[in-house]
Chemist: 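Supplied in structure tokens, the structure appears directly below.
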Amino acid sequence: MKYTTRQSAILLLSDGTIFHGKSIGISGKTFGEVCFNTGMTGYQEIFTDPSYFGQIMVATNPHIGNYGVNDLEIESDSIKIAGLVCKNFSFNYSREDASGSLEDYFIKQNLICISDVDTRALVSYIRDNGAMNAVICTDGTSIEDLKKELANVPNMEGLELASKVSTTEPYFFGDENATYKISALDLGIKKNILRNLAKRDCYIKVYPYNSTYKDLSEFNPDGYFLSNGPGDPDPLFGAIEVAKEILANDKPLFGICLGHQVIALANGVQTYKMFNGHRGINHPVKNLITGKGEITSQNHGFAVNKEALESHPDLEITHLHLNDGTVAGMRMKNKNCFSVQYHPEASPGPHDSSYLFDQFVENIKETLSKTM
């Protein structure tokens, strides 16, 4: 194999800490909140997940790129992470059904990546010091200039990002002859959520993030869905109002991740920025209704206030994260509404949480039976 010299690169954190590495792909610099994902597989799904928009991803798996990319393994139409930090980058791949290399994929989509970083030390540092803004630089810009630019990057708290990843026009997904119709508010929706609904005999119309309840209701849906997405839920005033109107009209409602947080805010329950967030494919959750445990896929940096939720007369906690006791799911006692903080559509091996889509369809069936 021909030896290739690669450009030196750095990762500069907002507190001034520097990690050194080598450039992969294109030259330049990129800014975002640095976070880490503990998943050992599924890197392409992570990179294309709209919930990661505006974030620099640190891969804890020491090998990235070893199985290339596949055109079918995407959660949106493009890479959504702001940049990638990894230990060992594989320029060669061995999977038979790969459609290309990760390096070519990054170059084609203008993603800046730094490898040969001590990611164990970096993740340990983030765990101890919390999520913070950072810049990957591969073009030799001076440290002082990078610090000045980094100081102007807005913090994730208070940042509305759904508008950056949502569809601009409504579109349909699934079989138009399906039994059930769903109106979905796209705050950064993943394709696999739509696939899971479609295979349960649902025809979905997906609406832009700033659509109104009237817009979503014109489809005459049997149920409503609020999707996952990036950023802080607090500035999503329009989505919060949509949730309030859906609940006021007592329609079946299901929310995932950011949608879960929007439903909480619609009920007057506040959310907060987490120290590090949860990002991985093996997070343990307990279903308080059944008493069973679930291995879940998670990706969020905000959470619902547990104390406020426990004191709310109309809300009930249904799922708890077993690592830190944070809220992983809730339902309304007086409405046909439930939501979870994790991703039941991801199924990274275990399919423990796929029942939630069945539960949503059952809720729709029950509502329809009462109107007949």
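In this text, all values refer to a predicted model and were calculated from it rather than measured experimentally. Note: hydrogens, waters and symmetry copies are ignored here, and every other heavy atom, side chains too, is used.
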Chemist: Any idea which heavy atoms bring I189 and A184 closest together, and the distance?
Modeler: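 It is CD1-CB, 4.3 Å.
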Chemist: Could you give me the CA-CA distance, side-chain angles and deciding distance for M156 and Q55, then say whether side chain to side chain contact (heavy atoms under 4.5 Å, CB included) is met?
Modeler: CA-CA 9 Å; M156 190 64 72; Q55 293 181 304; 3.8 Å; yes
Chemist: Is it true that a side-chain atom of S99 and a backbone atom of V69 form a donor plus acceptor pair closer than 3.5 Å?
Modeler: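 Indeed, once roles are kept as given, a pair shorter than 3.5 Å links the two residues.
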Chemist: A quick test of your reading: do over 12 heavy atoms of other residues, nucleotides or ligands sit less than 6.0 Å from NZ of K251?
Modeler: no
Chemist: In Å and rounded to the nearest 0.5 Å, what is the NE2 to OG distance from H260 to S339?
Modeler: 5.0 Å
Chemist: Would you say NZ of K148 has more than 12 non-hydrogen atoms from neighbouring residues, nucleotides or ligands within 6.0 angstrom?
Modeler: no
Chemist: Between N129 and D15, do the side chains contain an N or O donor and an N or O acceptor separated by less than 3.5 Å?
Modeler: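 Side chains of N129 and D15: no pair found under 3.5 Å.
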Chemist: Checking H343 side chain against E345 main chain: does a donor-acceptor pair fall under 3.5 Å?
Modeler: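 No; judged by distance alone, with no hydrogens or angles, the pair does not exist.
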Chemist: Would I263 end up clustered with L309 when hydrophobic side chains under 4.5 Å apart are linked, directly or stepwise?
Modeler: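 The answer is yes; both residues are in one hydrophobic cluster.
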Chemist: Looking at D49 and S51, would you say the former's side chain and the latter's main chain have a donor-acceptor pair under 3.5 Å?
Modeler: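 Judged by distance alone, yes, a pair lies under 3.5 Å.
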Chemist: How many angstroms lie between atom SG of C35 and atom CE of M274, to the nearest 0.5 angstrom?
Modeler: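 One gets 12.5 Å once the value is rounded to the nearest 0.5 Å.
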Chemist: Using the ring of each side chain (for Trp, its six-membered ring), is Y355 parallel, tilted or perpendicular to H319, with breaks at 30° and 60°?
Modeler: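 Parallel: the ring planes of Y355 and H319 meet at under 30°.
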Chemist: Output yes when a side-chain donor or acceptor of D201 lies under 3.5 Å from a complementary backbone atom of T179, and no otherwise.
Modeler: yes
Chemist: Should Q341 and H278 count as side-chain neighbours, where that means a heavy-atom distance under 4.5 Å?
Modeler: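 Q341 vs H278: side chains apart.
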Chemist: Please tell me whether Y224 and S217 have a donor and an acceptor in their side chains that are separated by less than 3.5 angstrom.
Modeler: yes
Chemist: For residues L356 and F338, report the shortest heavy-atom separation together with the two atoms involved.
Modeler: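 Heavy atoms of L356 and F338 come nearest at O-CZ, 3.5 Å.
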Chemist: Before you tell me yes or no, could you show the steps for V135 and V153 under side chain to side chain contact (heavy atoms under 4.5 Å, CB included), namely the whole-Å CA-CA distance, both residues' side-chain angles and the distance that decides it to 0.1 Å?
Modeler: CA-CA 10 Å; V135 53; V153 176; over 6 Å; no
Chemist: Could you give me the CA-CA distance, side-chain angles and deciding distance for I114 and F19, then say whether side chain to side chain contact (heavy atoms under 4.5 Å, CB included) is met?
Modeler: CA-CA 10 Å; I114 178 174; F19 289 83; over 6 Å; no
Chemist: Is the number of heavy atoms from other residues, nucleotides or ligands within 6.0 Å of CZ (R95) greater than 12?
Modeler: yes
Chemist: Would you call the rings of F357 and F254 parallel, tilted or perpendicular if under 30° counts as parallel and over 60° as perpendicular?
Modeler: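 Geometry flag for F254 against F357: perpendicular rings.
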Chemist: Just wondering, do Y43 and L84 contact through their side chains at under 4.5 Å, heavy atoms?
Modeler: no
Chemist: For the residue pair P221 and L216, establish whether any side-chain heavy-atom pair is separated by less than 4.5 Å.
Modeler: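 P221 vs L216: side chains apart.
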Chemist: I'd like to know if F106 and M57 are part of one continuous hydrophobic network [Ile/Leu/Val/Met/Phe/Trp/Tyr, side-chain heavy atoms within less than 4.5 Å].
Modeler: yes
Chemist: Going only through I, L, V, M, F, W and Y residues with side-chain contacts under 4.5 Å, is there a path from Y209 to V206?
Modeler: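 No, separate clusters.
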Chemist: When rounded to the nearest 0.5 angstrom, what is the spacing between CD in E157 and CG in D234?
Modeler: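 Going from CD on E157 over to CG on D234, the span is 9.0 Å.
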Chemist: With a 4.5 Å heavy-atom cut-off, do F360 and L197 have their side chains touching?
Modeler: yes
Chemist: Are Y171 and F173 near enough that their ring centres are under 6.0 Å apart?
Modeler: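 Centroid distance Y171-F173: not below 6.0 Å, so no.
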Chemist: Would you say L12 and K147 make side-chain contact, with heavy atoms under 4.5 Å?
Modeler: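 With C-beta onward as the side chain, the pair touches.
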Chemist: Would you indicate whether the side-chain heavy atoms of H321 and P284 approach each other to under 4.5 Å?
Modeler: yes
Chemist: Do you know the tightest heavy-atom contact between C257 and N228?
Modeler: CB-CB, 3.8 Å
Chemist: Would you give the length of the straight line joining atom CG of L258 to atom CG of L161, rounded to the nearest 0.5 angstrom?
Modeler: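 So the CG of L258 and the CG of L161 are separated by 9.5 Å.
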Chemist: Within a 6.0 Å radius of atom NZ on K181, are there more than 12 heavy atoms belonging to other residues, nucleotides or ligands?
Modeler: yes
Chemist: Report the C-alpha separation of V85 and F36 in whole Å, then their side-chain angles, then the decisive distance to 0.1 Å, and conclude whether the side chain to side chain contact (heavy atoms under 4.5 Å, CB included) test is met.
Modeler: CA-CA 9 Å; V85 182; F36 59 89; over 6 Å; no
Chemist: Take Q298 and T296, measure what side-chain hydrogen bond (donor to acceptor under 3.5 Å, both in side chains) needs, and give me the verdict at the end.
Modeler: CA-CA 6 Å; Q298 302 206 5; T296 69; 3.1 Å; yes
Chemist: Does N336 use its side chain to pair, donor to acceptor, with the backbone of P252 at less than 3.5 Å?
Modeler: no
Chemist: Is there a donor-acceptor pair under 3.5 Å between the side chain of T48 and the backbone N or O of Q44?
Modeler: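 Between the backbone of Q44 and the side chain of T48 there is a qualifying donor-acceptor contact (under 3.5 Å).
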Chemist: How many angstroms lie between OG1 in T271 and CG in D232, if you round to the nearest 0.5 Å?
Modeler: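 Going from the OG1 atom of T271 to the CG atom of D232 covers 5.5 Å.
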Chemist: Locate the shortest heavy-atom distance separating L187 from S227; write the atom from each residue and the value.
Modeler: N-OG, 2.8 Å
Chemist: Please find the pair of heavy atoms, one from Y207 and one from S183, that lie closest to each other, and give the distance.
Modeler: CE1-OG, 3.6 Å
Chemist: Please tell me if the side chains of L320 and K306 come closer than 4.5 Å, counting only heavy atoms from C-beta onward.
Modeler: yes
Chemist: Just by distance, do the side chain of N133 and the backbone of L150 share a donor-acceptor pair under 3.5 Å?
Modeler: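 Looks like no, no N/O pair under 3.5 Å.
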Chemist: Test D116 against every option in K87, K22, R6 by the salt bridge (charged side-chain N to carboxylate O under 4.0 Å, His left out) rule and name the one that passes.
Modeler: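 Testing D116 for a salt bridge (charged side-chain N to carboxylate O under 4.0 Å, His left out) against K87, K22, R6 leaves exactly one candidate, R6.
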Chemist: Is T138 reaching over with its side chain to a backbone N or O of A9, donor-acceptor style, under 3.5 angstrom?
Modeler: no
Chemist: Can a side-chain donor-acceptor contact be found between T167 and D186 if the only test is distance below 3.5 angstrom?
Modeler: no
Chemist: Using the ring centroid of each side chain, check whether F172 and F219 are separated by less than 6.0 Å.
Modeler: yes
Chemist: Are side-chain N/O atoms of K365 and T367 paired as donor and acceptor at under 3.5 Å?
Modeler: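 Absent: no donor and acceptor within the cut-off.
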Chemist: Verify the distance criterion only: is there a donor paired with an acceptor across the side chains of S353 and E294 at less than 3.5 Å?
Modeler: yes
Chemist: Side-chain heavy atoms under 4.5 angstrom apart, residues restricted to Ile, Leu, Val, Met, Phe, Trp, Tyr: same cluster for I112 and L11?
Modeler: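 In one cluster: yes.
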Chemist: Could you tell me whether R195 atom CZ has more than 12 heavy atoms of other residues or ligands within 6.0 Å of it?
Modeler: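 Yes, the 6.0 Å shell around CZ holds more than 12 heavy atoms from other groups.
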Chemist: Do I204 and F225 come close enough that some side-chain heavy atom pair is under 4.5 Å?
Modeler: no
Chemist: Within a radius of less than 6.0 Å around NZ of K273, do more than 12 heavy atoms belonging to other residues, nucleotides or ligands occur?
Modeler: yes
Chemist: Are L247 and L226 linked, directly or through other ILVMFWY residues, by side chains that come within less than 4.5 angstrom of each other?
Modeler: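 Yes; tracing contacts between hydrophobic side chains, which count when under 4.5 Å, links both residues.
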Chemist: Kindly give the heavy-atom pair with the smallest separation between A82 and G54, and that separation in Å.
Modeler: CB-C, 4.1 Å
Chemist: Just verifying a value: how many Å separate Y52 OH and K80 NZ, rounded to the nearest 0.5 Å?
Modeler: 14.0 Å
Chemist: Whether the side chain of S124 engages the backbone of R120 through a donor-acceptor N/O pair (distance < 3.5 Å, no angle test) should be reported.
Modeler: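 No, the answer is negative, given that no donor and acceptor are paired below the 3.5 Å cut-off.
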Chemist: Using modelled atom types only, decide if a donor and an acceptor are shared between the side chain of N267 and the backbone of V269 within a distance under 3.5 Å.
Modeler: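 Absent.
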